[in-house]
Amino acid sequence: MVKTARRAVRTPQRGVPTFYPSGRYNVLNRMPKLPSYLAMRVPLLDLGEQYRALSEPIREAIDDVLASHRFILGPKVQAFEKAICAYCNVPHAVGVSSGTDALLAILMALGIGPGDAVITTPYTFFATAGCIARVGARPLFADIDPETYNVGPSAIRRCLEKDCQMDSDGAWRAKNGEKVRAIIPVHLFGLCCEMDALHEISERFQLDLLEDAAQAIGAEFPFGGGTAKAGTMGDVGFFSFYPSKNLGAAGDAGMIVCPDETLAGKLRTFREHGMEPRYFHDVIGGNFRLDEIQAAILGVKLPFLERWAASRRAAADFYCAEFARAELTERITPPAEPYRHCGLTNHHVYHQYVIRAPMRDALREHLGKREIETAIYYPLGLHEQKCFAHLGYKKGDFPETERAARETLALPIYPEISREAQRYVVDAIAEFYGSQLANQPKTT
């Protein structure tokens with residue numbers, strides 16, 4: 001929860017640079033001094049207000065589950081799957097235990113494993129590449145677009161055309177001989193990848209297109225002459241409902257969506273240890289079932305998702321206006337919005353608000369001292385992770401990923417964040433760069 005206390009006036013101390021060295025003006029832009037709330041704390045995410053607003057229906061939904069004694073794959077899971085189908089405009093939805101397990105189940109159902117390779121981004125949460133490795137396949141990385149941070153279609157083409165070759169059977173193989181089976185684009189931070197270009201690549205090279213929409217439920221893309229939601233433009237897509245996501249459970253939970261009935265049936269089997277019918281196992285699956293209580297909570301929250309996304313976009317717009325006011329636009333780079341003018345409602349859903357900033361680590365330390373919580377997504381490209389050393393990648397192979405890992409910083413954003421809190425964040429950023437300017441040696 002964001003709290004404010006009494007206003008405090010800072011008295012400049014000798015030898016200590018301040019935001020307003022003259023007492024009246026910001027050294028960065030010479031704008032009049034604004035009120036300063038020094039006792040404010042701004043968390044990266046605050047779920048308190050959301051729960052206070054929905055606590056009664058959430059508790060009622062949980063009580064229904066407890067009274068029913070149906071705790072695993074009961075009516076609440078079925079109702080939530082149906083609601084997701086309606087929201088995403090897809091025929092099939094399969095509730096699972098997490099976003100990670102969603103991808104694991106998909107790879108298993110598609111028969112991807114040893115001897116196969118899957119192309120994805122090195123700039124994402126570990127689970128994307130981790131699941132590929134867990135089934136025995138080889139992750140192949142393609143660099144990101146420097147503006148959106150999403151995997152670049154041109155980088156995927158280069159990966160296929162320069163780092164892979166087509167064999168006599170028409171299959172594309174990695175240098176080590178693995179057959180390239182799929183592409184996994186990640187809709188990072190709430191913004192869709194360029195799915196039209198990626199769809200074209202998947203068709204040309206005959207690869208499955210698996211959408212990692214863990215951070216982007218509800219995000220839209222101008223696809224196929226219309227509008228499509230994240231997770232619905234490939235062969236299969238999946239979401240995470242980790243508590244911090246835009247649609248968050250009270251624990252781990254996930255969902256798979258797909259247009260194909262046969263694949264949906266396989267996924268339902270794989271989420272229950274490959275069991276079909278009961279106690280008969282033709283394949284080895286896993287315990288990937290969505291919990292009934294989590295489904296009940298998510299069912300209460302889903303109708304509010306569009307409203308929350310709109311509030312996140314409004315907060316993002318306010319950040320941009322404040323950056324302009326503080327004349328910070330030449331110093332920091334706000335998130336890209338490439339589909340803003342494409343007639344989409346949810347052109348971006350801002351799971352995270354990630355800026356690119358010089359002196360990122362020093363800035364983060366400065367904000368932390370002012371009780372502004374930030375995060376780094378992600379401090380290291382997956383190609384540099386120790387557990388993937390055997391893949392043979394080295395530092396410098398994916399320069400845009402490595403630059404993003406050095407320069408990006410997530411600022412506080414959530415539907416209920418106050419404009420006062422956002423202005424405090426921006427003023428603190430301006431204070432940091434203003435002090436840097438004030439400390440620069442004067443030239444004559």
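Heavy-atom basis, side chains included; hydrogens, waters and symmetry copies ignored. Everything quoted here is computed from the prediction, not taken from an experiment.
- Here the shortest heavy-atom pairing between Arg403 and Pro146 reads NH2-CB, 3.8 Å.
- Ring planes of Phe71 and His69: tilted class, angle from 30 to 60°.
- Closest non-hydrogen pair, Val77 versus Leu290, comes out as CG2-O, 3.5 Å.
- With ring centers used as reference points, Phe398 lies under 6.0 Å from His383.
- Remark: aromatic rings of Tyr350 and Phe189 are distant, center separation not under 6.0 Å.
- Taking all atoms of both residues into account, the shortest heavy-atom contact from Leu44 to Glu373 is N-OE1, 3.2 Å.
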> Please walk me through it: do Lys395 and Glu384 pass salt bridge (charged side-chain N to carboxylate O under 4.0 Å, His left out)?
Replying inline: CA-CA 7 Å; Lys395 188 175 181 65; Glu384 293 188 87; 3.7 Å; yes

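- Ring pair Phe141/Tyr393 is tilted by interplanar angle, where 30° to 60° counts as tilted.
- Phe221 meets the ring pair (Phe, Tyr, Trp, His ring centres under 6.0 Å) test with Tyr339; sequence neighbours excluded.
- Ring to ring, Phe388 and Phe126 are close: their centroids are under 6.0 angstrom apart.
- Considering only heavy atoms from C-beta on, Glu220 stays 4.5 Å or farther from His347 through its side chain.
- A donor-acceptor contact under 3.5 angstrom links the side chains of Thr408 and Tyr123, judged on distance only.
- The two residues Val257 and Ala93 have their closest heavy-atom pair at CG1-CB, 4.1 Å.
- In the model, Glu306 has a side-chain atom that pairs as donor or acceptor with a side-chain atom of Asn346 under 3.5 Å.
- Note: Phe432 and His366 have tilted aromatic rings, judged against thresholds of 30 and 60 degrees for the angle between ring planes.
- Considering every non-hydrogen atom in both Ile417 and Val42, the closest pair reads CD1-CG1, 4.4 Å.
- At least one side-chain heavy atom of Leu160 sits under 4.5 Å from a side-chain heavy atom of Ile201.
- Between Pro185 and Leu210, the closest heavy-atom pair is CD-O, 3.1 Å.
- The distance between the ring centers of His199 and Phe223 falls below 6.0 angstrom.
- Using modelled atom types, one finds a donor on one side chain and an acceptor on the other under 3.5 Å when comparing Glu211 with His187.
- Screening Arg138, Arg173, Arg181 for a salt bridge (charged side-chain N to carboxylate O under 4.0 Å, His left out) with Asp116, the sole residue that qualifies is Arg181.
- Within 6.0 Å of atom CD in Glu261, 12 or fewer heavy atoms from other residues, nucleotides or ligands are found, so the atom counts as exposed in its surroundings.
- For the residue pair Lys175 / Gln165, no side-chain donor-acceptor distance below 3.5 Å is found, with atom types taken as modelled.
- Classified by interplanar angle (parallel below 30°, tilted 30° to 60°, perpendicular above 60°), the ring pair Phe80/Phe241 is perpendicular.
- Of the listed residues (Glu292, Arg268, Arg271), just one forms a side chain to side chain contact (heavy atoms under 4.5 Å, CB included) with Leu73, and that residue is Arg271.
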>> Checking Arg360 against Glu407 for the salt bridge (charged side-chain N to carboxylate O under 4.0 Å, His left out) test, could you report, in this order, the C-alpha distance in whole Å, the side-chain angles of both residues, the deciding distance, and whether it holds?
In response: CA-CA 6 Å; Arg360 189 270 312 275; Glu407 297 178 353; over 6 Å; no

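- For Lys394 and Asp397, the salt-bridge test passes: some basic side-chain N is under 4.0 Å from an acidic carboxylate O.
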> Passes side-chain hydrogen bond (donor to acceptor under 3.5 Å, both in side chains), Lys76 versus Gln294? Steps please.
Replying inline: CA-CA 9 Å; Lys76 297 293 186 182; Gln294 301 302 339; over 6 Å; no

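- Using a 4.5 Å heavy-atom cutoff, the side chains of Ile183 and Ile156 are in contact.
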>> Walk me through whether Arg340 and Asp317 qualify under salt bridge (charged side-chain N to carboxylate O under 4.0 Å, His left out).
In response: CA-CA 11 Å; Arg340 185 180 182 96; Asp317 287 346; 3.1 Å; yes

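- Remark: Lys245 fails to qualify as a cation-pi partner of Phe239 under the 6.0 Å distance and 45° angle criteria applied to the six-membered ring.
- Using the six-membered ring where Trp is involved, Phe304 and Trp308 have ring planes that are parallel, under 30° apart on the 30 and 60° scheme.
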